[in-house]
There are 2 protein chains.
Amino acid sequence: MFLSTTINGVDAKGRVSVPADFRAVVRGGPFDGIIVWPSFDGPYLEGGGQALLERYQALIEDMDPYDDARIAFERAIFGAAKPLAFDANGRVTLPKELSDHAGLDGKATFVGLGSRFEIWAPEAFEEHKRNAQAFARDNKRSLRPGARAGGVS
Amino acid sequence: MFLSTTINGVDAKGRVSVPADFRAVVRGGPFDGIIVWPSFDGPYLEGGGQALLERYQALIEDMDPYDDARIAFERAIFGAAKPLAFDANGRVTLPKELSDHAGLDGKATFVGLGSRFEIWAPEAFEEHKRNAQAFARDNKRSLRPGARAGGVS
DNA sequence: TGGTTAACTATGGGATAACATGGGATTTGA
DNA sequence: TCAAATCCCATGTTATCCCATAGTTAACCA
């Protein structure tokens, strides 16, 4: 499981160390690296191991082959997703499209969310976190036993 | 898995480099190249490895032999599909019918969609991408990753 | 318990190989 | 014989690999 929050540096070549905890999650999987795509919901990146993408693929293949939503998801997720392989030190190189989308500049915040994770510009994440905490406080009753979706520690 | 989006040049001879990641997907298959056909849904091309076509064939053979839709699919896909072999440098030569259908002129955008990919004229794809992102954002709730978390941990 | 060592993580820079692309030569088929 | 497609080699650029360093944490032994 991807857990906790880490800030790592992004060097001049666009390289960033993936937190060791995150690397351990995908170790042993079919692809030695992570897959990252720009969120279509805001200025941050979403990512996970190849297993996550295969889960999405299974969901999408249950939809009608020419459903508009299916085509849209395919293009928005698979079309924009980049497989980023680890180098010998556990780093990946972020393509310019991705770091631009998230507004990354020298630092990146990795946020574990269980089955997937997000990458934010640190300042943007701080603000988002404030909003998210307020939202969680206002909606705490929707988290009940039985809905085992996982909370933030 | 075909992933991400790449723009490559189409030279005067109609040759275009297939992205190395895409070549890796079909490597080891029965045919060292890709199979491409014009989409009947718009001005772009669809393609994949031979394995994809065999999957389509199995689907179509489940349909009624004289179903109009079956005949239409057979003609639209199998009748128009061209196997394009890689040259020593990983390029294929696009026949004129195909580049005409997609309106290709000097540049081609390869879009990975998991089990298959599309080839667009770059300007045409940019417009469709914006639509797809907006549609995906507005319909994100129809994509539910299910409650089971934890893939490879 | 205190001190020392060893392993791992994150980071920086330089060398190397792979990729995309252009042009020419050779073969194939009409 | 001529046109067209295929093959072959050359080149610049980009990304990938490989080395070296520092700080931290964990393990170990006296």
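Within a heavy-atom distance below 4.0 Å of DNA chain C, the residues of residues 85-92 of chain A found are N89(A), R91(A). Heavy-atom distances under 4.0 Å link DNA chain C to no residue of residues 112-121 of chain B. Residues of residues 3-11 of chain A having a heavy atom closer than 4.0 Å to DNA chain C, listed by number: N8(A), G9(A), D11(A).
Among residues two or more places apart in sequence or in another chain, the salt bridge (charged side-chain N to carboxylate O under 4.0 Å, His left out) test is passed with E123(A) by none. Residues satisfying the side chain to side chain contact (heavy atoms under 4.5 Å, CB included) criterion with Q133(A), sequence neighbours excluded, are K129(A). In this view, A20(A) and R23(A) satisfy the side chain to side chain contact (heavy atoms under 4.5 Å, CB included) rule, not counting sequence neighbours. Contacts of F2(B) classified as ring-ring contact (aromatic ring centres under 6.0 Å, His included), with partners at least two apart in sequence or in another chain: F22(B), F117(B). Qualifying ring-ring contact (aromatic ring centres under 6.0 Å, His included) partners for H128(B), counting only residues two or more places apart in sequence or in other chains: W120(B). When the side chain to side chain donor-acceptor pair (under 3.5 Å) test is applied to D100(B), the partners found at least two apart in sequence or on another chain are K96(B). Among residues two or more places apart in sequence or in another chain, the side chain to side chain contact (heavy atoms under 4.5 Å, CB included) test is passed with D87(A) by N89(A), R91(A).
Heavy-atom neighbours of E127(B) CD from other residues, nucleotides or ligands within 6.0 Å: at or below the threshold of 12. Under a cut-off of 6.0 angstrom, the local environment of CD in E97(B) is crowded, with over 12 non-hydrogen atoms contributed by other residues, nucleotides or ligands.
Looking at heavy atoms from C-beta onward, Q57(B) lies out of side-chain contact with I60(B) at the 4.5 angstrom threshold. No side-chain heavy atom of L59(A) sits less than 4.5 Å from a side-chain heavy atom of F73(A).
When the P atom of dT21(C) is taken as reference, atom CG of L94(B) falls 13 Å away, rounded to whole Å. Distance K96(B) NZ to dA5(D) P: 11 Å, rounded to the nearest Å. Atom C1' of nucleotide dT9(C) and atom CG of D21(A) are separated by 11 Å, given to the nearest angstrom. A straight line from CZ of R15(A) to P of dC19(D) spans 15 Å, rounded to a whole angstrom.
Relative to the six-membered ring of Y44(B), R75(A) meets both conditions, a distance below 6.0 Å and an angle of at most 45° to the axis.
Counting only residues at least two apart or on different chains, no side chain to side chain donor-acceptor pair (under 3.5 Å) pair has a member in residues 102-115 of chain B.
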- Query: Using Watson-Crick and G-U wobble pairs whose two distances are both under 3.5 Å, how do you write the pairing of DNA chain C as dot-bracket, with | for links to another strand?
  - Reply: ||||||||||||||||||||||||||||||
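Backbone-only contact: V18(B) has heavy atoms under 4.0 Å from sugar-phosphate atoms and none from a base.
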